[in-house]
Amino acid sequence: MQIMQKTKYILFVVALLSVSALYGADAGSVLSLLDLSRPGLEKVASLHAEGKDSLASVALLDYFKSRTGVKSVGVDASNPKLTKEERRWADEGLEHKFFVHKGYQPSYFYGDDIDWQYWPVKDNELRWQLHRTKWWVPMGKAFRITGDEKYAREWVYQYRDWIRKNPLTEFSGILDKDMENVDNVYFAWRPLEVCDRLAHQIEQFELFMPSEHFTPDFLIDFLDNYHRHADFANSHYSKQGNHLLFEAQRVIFAGAFFPEFKDAAAWRKTGVDILNREIGKQVLPDGVQFELDPGYHMASVNIFGKALRMMDANGYRGEFPESYLDAVGKMVEFTYNIAFPDYTLPVFSDNKLHTKPGMLPNYRSWRKFFPDDCMLRYLATDGKKGHVPAYTSRAFTDGGFYVMRSGWGDDATVMVLKAGPKGEWHNQYDNGTFEMWTAGRNFFPDSGSYIYGGDDEVLKQRNWFRQTAVHNTLTLDNRNLDNRVSKLLKWEATPCGDVTVVETPGYDGLTHRRAVFFVDKKFYVIADEAYGDAAGDVAIHYQLLPCDPVENTAKKSVSTAFADHNNITLRVFGAENMVAEEGWMSPAYRQKEARPAYAFRSQKKSGKPVRFITVIYPTGADDASAHRINATFKGKHSAGGAALEVTVDGKKYPLSYTL
Ligand code: MG
């Protein structure tokens, strides 16, 4: 019996050594990365001290299997939820059809012998995001729900295959040019991807831990790879922007989830220092994230929030000052102020359409930090608890977002006007544009972004959506703005109506002043004045939602004709002509839908202003095109203000502002 046991032990150790030799991670080196003086690691420490590293790794796995006191804030590994879609990603993952990007479906086949450099479409995102291995967490959930070891076996195989084929070689930074010719390391080890793996491998670690395939040897490989990731991330931060935030948050996760690493405290400290510093840089005083992109804004809230939650869960909360939480609170307020009552947000810049099911979890998770915010409570509980704010309209003057709102309910009318600073990479040439929503319908959704970066063909598609002319604003000769800095001249919000006046010196010799009146909190009147020395073709553009509208080019008017009696009519005064333009809206990556778009044009002479008035009138159940609308400027263009008279169905609305 004793001989049998000894033989078994020898065979076991030989098996361990041979597997180690195959994959290369050395148990001794990995163990030396750990602080073995921590409580619970006594057995590992003594075996390691005796030079019995294979046995020490067995003891280490036992330690992690029964470890308590460290919490993660991602997937609940003991009770995971697997959606139908995730189940498909997990099952296709078994066949090496990897879910890389929602914009590229069905998923591509990466070969029986996985080709981690396969790049079927030269969109950089497709190559980068392969290395986020998004199907591994679903495989982990499928394993925990079904108990089927095939998911764990395949994960271990793919995890090691990835390590073997994507070594970290000499790295001199990420180049944003000539991507087709850079080495694989630029894609596999871009800091953003590295940090994505840092976060999700915590979830995989927890999900697959009970598997028989999660062996002591595999643990050594895992820890070796994970430490290499965290170490690399902590010494290769992006210079700035949202990438830096993602990276810092995930290094914090690494430091909080694996406090056993000697470097863990340093990882947490660097990550926390970066977030504390960047929240002051990237979040403007009014709470708007400096990309001016609602999607990245929310992603940043989640980064700041997740870092706080992870630190909190593991007893490190004191490392964030109170001002940090205040800034996050302002970011949350901004989010719900620009939200429409159906929970959607404008798809300005590179944002995508986020609908209610996607937004509810955000509000629920944010609410934990701000229990006294009644609107947050209202949103998180889908209106069951809490209440809407006493105010309606709100200006965010640093980010340049102006919300003119009649209320918070489904019957409200809301315009979000965007005219701010230049912003960062994700921001577009869109100063002066807006989205407008009434009674459940967004009549002027932004064109969106469609796609990010890649080869010339991909970039051409991206650039179409970034143009000034595909926004609801003014152009000179249909060109993109030369200058993308707007300033606020007037903001006045009263219970009876709002006035916002913004100005953009968008072109050399041409300044666009846009005054928006929210008349009786019922309809919008937009007074556009283009002035300066420039001469040329001046146009204001309007992009409707996809629909079959009623056009009247003689009257320079267009109306929607939805059968549900929720319509608008738009009419422009002062333009020489009205022409239909190419129109698209993209709610998601590589998805787009044709939609009606129009330009209202006039020739501008040097030194003479061009002036337009647009009336956008929600018409309810009436025949939208039957309304009698008139509008005219009273007096000449003046830097000090403007007066106009608008008539709708015989009722006069004298409107004016002075500066
Ligand atoms: Mg846009």
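As the structure lists them, so they are numbered: ligands from 1, and atoms in each ligand from 1. Here the structure is a predicted model, which is why all the values come from computation and not from measurement.
- The number of heavy-atom neighbours closer than 6.0 Å to CG of D564, taken from other residues, nucleotides and ligands shown, is above 12.
- Taking backbone and side-chain atoms together, D446 has an N/O/S atom less than 2.8 Å away from the Mg ion (ligand 1).
- Looking at H471 and the Mg ion (ligand 1) together, the shortest N, O or S contact belongs to NE2.
- Metal site remark for the Mg ion (ligand 1): S449 contributes no N, O or S atom at a distance under 2.8 Å.
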Exercise for the section: Kindly indicate, with the supporting measurements, whether the criterion side chain to side chain donor-acceptor pair (under 3.5 Å) is fulfilled by E529 and H637. Expected result: CA-CA 8 Å; E529 296 178 88; H637 164 73; 2.8 Å; yes
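- Remark: the T619 side chain and the H627 side chain contain no N/O donor-acceptor pair separated by less than 3.5 Å.
- For D342, the CG atom counts as densely surrounded, since its 6.0 Å shell holds more than 12 non-hydrogen atoms of other residues, nucleotides or ligands.
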